[in-house]
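A short worksheet on the structure shown next.
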Amino acid sequence: MTPTAHDLLARERHSVRAFLPRAVPAELLEHLLAVARRAPSGANLQPGRFWAVEGAARERLCSALAQARRDGVPEQEDYGYFPRPMPLALRKRQVAAAQALYGAIGVARGDEAGRAAQFERNFRFFDAPVALVVTIDRDFGAGGFMDLGMCLHALMLAAQGHGLAGCAIGALASYPAVVRSALGLAESEVVVCGMALGWEDTQAPVNSTRTAREPLERYFAVLR
Ligand SMILES: Cc1cc2nc3c(=O)[nH]c(=O)nc-3n(C[C@H](O)[C@H](O)[C@H](O)COP(=O)(O)O)c2cc1C
């Protein structure tokens with residue numbers, strides 16, 4: 001089948017964790033978010049908010065997150081993400097993704113310091129020109145998160161179409177109280193994730209990370 005332009009965008013998209021030092025014009029960011037907001041949502045409720053965090057606010061947030069890590073503040077997500085305990089089949093996928101990432105940057109299996117250094121880059125939004133914090137009103141259930149997920153992917157594809165790239169940052173959801181306090185967000189804002197956006201540094205080893213997908217039969221079956 002001949003791939004469409006959309007097929008190609010979706011196939012080429014990959015998480016990018018190092019960026020060129022080039023600003024993203026405000027109009028472009030607004031355009032991407034307006035496109036992403038065309039995503040469908042149940043009853044068209046359009047849940048979630050995107051906060052572009054810049055300047056002093058970004059400094060405050062990144063310092064507070066780094067401090068929380070240093071102080072060993074316990075991780076306490078507002079919402080459940082991964083299954084606990086993680087079933088073995090999923091654990092294998094998680095390990096494969098980690099190996100793809102750490103393999104790309106030459107961090108060996110037992111290199112805890114190397115892993116921690118990469119992990120901490122999450123809390124600096126990988127030094128991307130655009131740092132987004134994504135929140136959802138606390139009253140939403142799983143359906144609202146699903147709607148917001150569609151919007152997040154729409155944002156990544158819109159960015160890809162304009163030559164940008166990025167990475168969702170679930171790690172941010174581990175310290176929601178720190179995020180709310182640093183940004184002055186209301187207690188009702190559940191921190192869903194962060195998002196780094198910008199132009200990919202194609203020379204950065206971390207951006208050679210590539211992940212595979214399970215065979216389609218694992219996700220798709222026809223029932224008659
Ligand atoms: C909601 C969400 C949260 C994520 N959180 C992180 C994160 O905290 N740190 C990170 O490096 N990658 C994060 N990722 C990227 C995933 O690891 C990545 O999407 C996955 O391994 C598949 O790789 P690909 O995006 O290159 O196709 C996240 C992705 C999603 C969708």
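The figures here come from the full heavy-atom set of this structure, side chains too, leaving out hydrogens, waters and symmetry mates. Ligands are counted one by one from 1 in listed order, and the atoms in each one are counted from 1 as well.
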Just let me know how [X] lines up against ligand 1, side chain, backbone, both or neither, with a heavy-atom cut-off below 4.0 Å.
X: Ala100; answer: neither
X: Ala168; answer: both
X: Gln94; answer: neither

For this session: Heavy-atom contacts with Ala171 under 4.0 Å: which atoms of ligand 1 show up? List them by number with element.
Result: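 Counting from 1, the qualifying ligand atoms are 8 (O).
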Exercise. What atoms in ligand 1 come closer than 4.0 Å to a heavy atom of Phe126?
Worked result: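 Atoms satisfying the 4.0 Å criterion: 11 (O).
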Exercise. Of the choices Ser15, Gly149, Gly194, which has the non-hydrogen atom that lies closest to atom 19 (O) of ligand 1?
Worked result: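 Considering heavy atoms of Ser15, Gly149, Gly194, the nearest to atom 19 (O) of ligand 1 sits in Ser15.
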Problem set entry | Closest to atom 17 (O) of ligand 1 among His153, Arg210, Arg17, Gln118 (heavy-atom distance) |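 Looking at heavy atoms only, the winner is Arg17.
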For this session: Check the pair Leu197 / Met156 against side-chain contact (heavy atoms from CB on, under 4.5 Å), numbers first and verdict last.
Result: CA-CA 9 Å; Leu197 283 178; Met156 297 192 88; 5.6 Å; no
For this session: Please name the pair of heavy atoms, one in Val178 and one in Ala68, separated by the smallest distance, quoted to 0.1 Å.
Result: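 Heavy-atom minimum between the residues: CG2-CB, 4.0 Å.
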Problem set entry | Shortest non-hydrogen contact from Glu189 toward Asp78 |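 Shortest heavy-atom separation between Glu189 and Asp78 comes out as O-OD2, 4.1 Å.
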Exercise. So is there a nitrogen or oxygen of His14 less than 3.5 Å from a nitrogen or oxygen in ligand 1?
Worked result: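 No, no N or O pair falls under 3.5 Å.
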For this session: Give yes or no for whether the N/O distance cutoff of 3.5 Å, strictly under, is met between Cys167 and ligand 1.
Result: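 No, no N or O pair falls under 3.5 Å.
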List the closest protein heavy-atom neighbour of [atom]: residue, atom name, distance to the nearest 0.1 Å.
atom: atom 27 (O) of ligand 1; result: Arg213 NH2, 2.8 Å
atom: atom 20 (C) of ligand 1; result: Thr211 CG2, 4.5 Å
atom: atom 5 (N) of ligand 1; result: Gly170 N, 2.7 Å
atom: atom 9 (N) of ligand 1; result: Asn122 OD1, 2.7 Å

For this session: Give a yes or no on whether Glu59 atom CD has more than 12 heavy-atom contacts from other residues, nucleotides or ligands under 6.0 Å away.
Result: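 No.
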Exercise. Ion pair present between Glu30 and Arg37, side-chain N to carboxylate O less than 4.0 angstrom?
Worked result: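 Arg37 and Glu30: not salt-bridged.
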Exercise. Does Arg22 pair with Glu200 as a salt bridge, N-O distance under 4.0 Å?
Worked result: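 Answer for the salt bridge query: no.
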For this session: For a ring pair (Phe, Tyr, Trp, His ring centres under 6.0 Å) with Phe123, tell me which candidate from Phe119, Phe126, Phe125 qualifies.
Result: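 Of Phe119, Phe126, Phe125, ring pair (Phe, Tyr, Trp, His ring centres under 6.0 Å) with Phe123 is met by Phe119 alone.
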Exercise. Are Tyr79 and Phe145 close enough that their ring centers fall under 6.0 Å?
Worked result: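 That pair passes the under 6.0 Å test.
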Exercise. Is Val130 reachable from Leu164 through a run of hydrophobic residues whose side-chain heavy atoms are each under 4.5 Å from the next?
Worked result: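 Yes, because Leu164 and Val130 connect within a single hydrophobic cluster, where side-chain heavy atoms sit under 4.5 Å apart.
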For this session: Tell me, please: is Tyr81 in heavy-atom contact with ligand 1, that is, under 4.0 Å?
Result: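 Flag set, Tyr81 near ligand 1.
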